[in-house]
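Worksheet: the structure to be examined is printed underneath.
All chains are named by letter (A, B, ...) in the order of the sequence lines, taking the proteins before the strands, and each is independently numbered beginning at 1. All heavy atoms count here, side chains included; hydrogens, waters and symmetry mates do not.
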Number of protein chains: 2
Amino acid sequence: MSETTGRLLRLLSLLQARPAWAGEELAQRLEVTDRTLRRDITRLRELGYPVEATPGRYGGYRLVAGGAIPPLLLDEDEAVAVAWGLRTAAAWALPGFEDPAVMALAKIEQVLPARVQERIRALSDATVRVGTQFPSEGRLDVGTLVAVARARQTPERLRFVYRDGSGRESERHVEPYQLVHAGRRWYLFAWDRDREDWRSFRVDRMSAVQPTGMRFQRREDAPDAATFVAEGLAVGVYSYRARVVLHCPIDEARRLVSPTAAVLEEDGDRTLMRIGADDLDWIARYLAGMPVRFTVLEPSELVEAICDLAERLRADAAQAVTPAEPGSAP
Amino acid sequence: MSETTGRLLRLLSLLQARPAWAGEELAQRLEVTDRTLRRDITRLRELGYPVEATPGRYGGYRLVAGGAIPPLLLDEDEAVAVAWGLRTAAAWALPGFEDPAVMALAKIEQVLPARVQERIRALSDATVRVGTQFPSEGRLDVGTLVAVARARQTPERLRFVYRDGSGRESERHVEPYQLVHAGRRWYLFAWDRDREDWRSFRVDRMSAVQPTGMRFQRREDAPDAATFVAEGLAVGVYSYRARVVLHCPIDEARRLVSPTAAVLEEDGDRTLMRIGADDLDWIARYLAGMPVRFTVLEPSELVEAICDLAERLRADAAQAVTPAEPGSAP
DNA sequence: TCAATGCGGACCGGAACTGTCCACATATCG
DNA sequence: CGATATGTGGACAGTTCCGGTCCGCATTGA
């Protein structure tokens, strides 16, 4: 049953696995005659997936760009690579693509076998954090983010434990309305069932997230999520906000600085960078890691943090085994 | 024609877009009766995609993990996010997943409209390099990597311009056999048609890559690619190799250091790190960016590089506008 | 207990699919 | 130029499948 659909998917999979195929080879793989293969090709085209054919010697079929985006048929390892990449994208919160990344991640993680999900989690725990270089304080659990995104899409009520600014934990039961990404962090805008009011939650402070399976009707009178969250944030997202002039043109700065890490502005042939963090030492290390000279405008504490870092580096360097000969580490 | 196949794909797409659906809603969206919907669900199950159904109030269908990985149906933005993530994964060369990442990237970039590819290229130019923090010398063009991967898969002859170690450029015409990832770099192992011999090429030194469209028969007597490349590398992949003791347990080090950037070994409650680069200053900056103390074992030039960096930081800090008041940058 | 929800058998008419046969168009190679 | 390899698509016939309709059953939650 459903022979042809399965075959079309297999055909699509073959066309994706290799850029070009001879018709006869495809027909053999699919165990149909060449005539049927041609009909299948036509069907794919009718579905909006452009297959280009070239006649003559070295001719054949290839799936090309242009029409609808065809279903991606991935094997397990490829799926792991995709999921890992998306986790990175979501954690970096690639500007303009926060949402698609999380959506795509929800799609793919929903269907991957549990043991594969384990592998992904292990991998991304090991690597994502390095890439982002966020201060360790606000580590985002991408699994939580995906769980929240899915609940909001069903839509389905959610239970979780929330740790507020002062470290107190409370259990919450909410109806999720919207995920908002602001200032390098993710927020959930939701209706709190117990408090009977709208609330926003920092996703990195949520834990033990449990979808309840209970669907709900979205309220008509929901305020605008972005506005609501923005108001809550108005006062200080970060403990420190720094302004630094980088001694390089803005183009070079763009290549060095992740758009999610800081805001850049042109300043003649130099670049003004605004960066926020809860930890001045983190900013100092960030600056030290860049291959450009700079000038701190504010805050003055940052100057101290940089001096401290320089001192620390000098001390570490001084400690080096001077003969520089191997034969140490046991 | 092919009514049912298209409908099955749409159904799959719906099931991916939202975790749970009521049968009636699905039937309405697909414009069929509920009986036909049930038949479609059965068809999906027969194709190996497990759809779970729960009866009763709040029941419905959901696509679950377990069977084959279903075709991923992405919209354009999601595809961009996926492609961006994969580029990151390929450039980082996530250990064990270098190949799947490049394969998946080839699959998806093959079918994305040109303007979307432009967006991806712009995005990843801006961000990937930051994440990797590679020395600027060896910047890998992921587009080149994908082009090579596809040619090797067809398999199809390839023309490109190669810049060798001494900077000389030459045009090459090769039959690509294998991509090998070693020491943070990608190599192409191929048969050089003009020189009539096996060669390996560093992908970051290839440019103007052009698939010729001419397919070829793989030779039987091809040597093992990994071995061949490894031999070529035996002498110095990097100009400098450093050994540094990090003053933290290996677990913490693992979270701080990308597995592709350096090799870590336990050393009591500390960690021995081996790291290679063509630029000592890059290593110095890498160390400065980490929130741990360290001791350099070798080379002694690295100690100097760190002192230089510390001096530079101090100088930059000293240059700061001392009153630390805004109102500068025009 | 009732309502909402999913399940699947039976039937039937119409539509779709496949293989076969065939004439044709378009490249590449010698 | 001709031979060969490759893709194109019409026509036909037999078979299969598909979708709608109707119906009774099973499971879940309020």
Give a yes/no on whether any side-chain N or O of [X] is located under 4.0 angstrom from OP1 or OP2 of [N].
X: B:T4; N: D:dC18; result: no
X: A:T33; N: C:dG19; result: yes
X: B:R215; N: D:dA5; result: no

d([atom1], [X]; [atom2], [N]) in whole Å:
X: A:E3; N: C:dT18; atom1: CD; atom2: P; answer: 8 Å
X: A:L44; N: D:dT8; atom1: CG; atom2: P; answer: 12 Å
X: A:L37; N: C:dG19; atom1: CG; atom2: P; answer: 11 Å
X: B:R43; N: C:dC7; atom1: CZ; atom2: P; answer: 14 Å
X: B:I41; N: C:dG6; atom1: CD1; atom2: P; answer: 9 Å
X: B:E46; N: C:dG8; atom1: CD; atom2: C1'; answer: 13 Å

task: Evaluate the side-chain proximity of B:E25 to B:L14: yes if any heavy-atom separation is below 4.5 Å, no if none is.
output: no
- request: Would you mind reporting whether B:L72 and A:K107 have side-chain heavy atoms less than 4.5 Å apart?
  value: yes
message: Using only atom types and a distance under 3.5 Å, with no angle test, would you say the side chain of B:D164 pairs donor to acceptor with the backbone of B:R168?
response: yes
query: DNA chain D: A:P55 or A:M214, which has the more 5' nearest nucleotide?
result: A:P55
- prompt: Which nucleotide in the set D:dC18, C:dG19, C:dG6 lies at the smallest distance from any side-chain heavy atom of A:V32?
  reply: C:dG19
- prompt: For the side chain of A:D40, counting heavy atoms from C-beta on, which of D:dT8, C:dT18, D:dG7 is nearest?
  reply: C:dT18
message: Tell me whether B:E24 at atom CD has more than 12 heavy atoms from other residues, nucleotides or ligands lying less than 6.0 Å away.
response: no
query: How far apart are the closest heavy atoms of A:V146 and A:A106, and which atoms are they?
result: CG1-CA, 3.8 Å
When you measure only distances, ignoring hydrogens and angles, does the side chain of [X] come within 3.5 Å of the base of [N] through a donor and an acceptor?
X: A:R39; N: C:dG19; answer: yes
X: B:R38; N: D:dG19; answer: no
X: B:R35; N: C:dG9; answer: yes

message: Heavy-atom nearest nucleotide on DNA chain C for A:E31 versus B:A53: which residue maps closer to 5'?
response: B:A53
query: When the nearest nucleotide of DNA chain C is assigned to B:D34 and to A:D34 on a heavy-atom basis, which residue is associated with the more 5' position?
result: B:D34
query: Distance under 6.0 Å and angle within 45° of the ring axis: does B:R218 meet both against B:Y177?
result: yes
message: Tell me which one of B:F201, B:W198, B:F216 satisfies ring pair (Phe, Tyr, Trp, His ring centres under 6.0 Å) with B:W191.
response: B:W198
- prompt: Looking only at side chains, do A:R172 and A:S170 share a donor and an acceptor under 3.5 Å apart?
  reply: yes
task: Output all residues satisfying ring-ring contact (aromatic ring centres under 6.0 Å, His included) with B:Y49, sequence neighbours left out; order by chain, then residue number.
output: none
- prompt: Base, sugar-phosphate, or nothing for A:R45, non-hydrogen atoms under 4.0 angstrom?
  reply: sugar-phosphate
task: Go through residues 5-30 of chain B and report each residue with a non-hydrogen atom lying under 4.0 Å from DNA chain D, sorted by number.
output: B:R7
message: Let me confirm one number: the CG-CG distance from B:L9 to B:L44, rounded to the nearest 0.5 Å.
response: 9.0 Å
field: Axial bend angle, the helix from C:dT1-D:dA30 to C:dG30-D:dC1: five-pair end segments, nearest 10°
entry: 60°
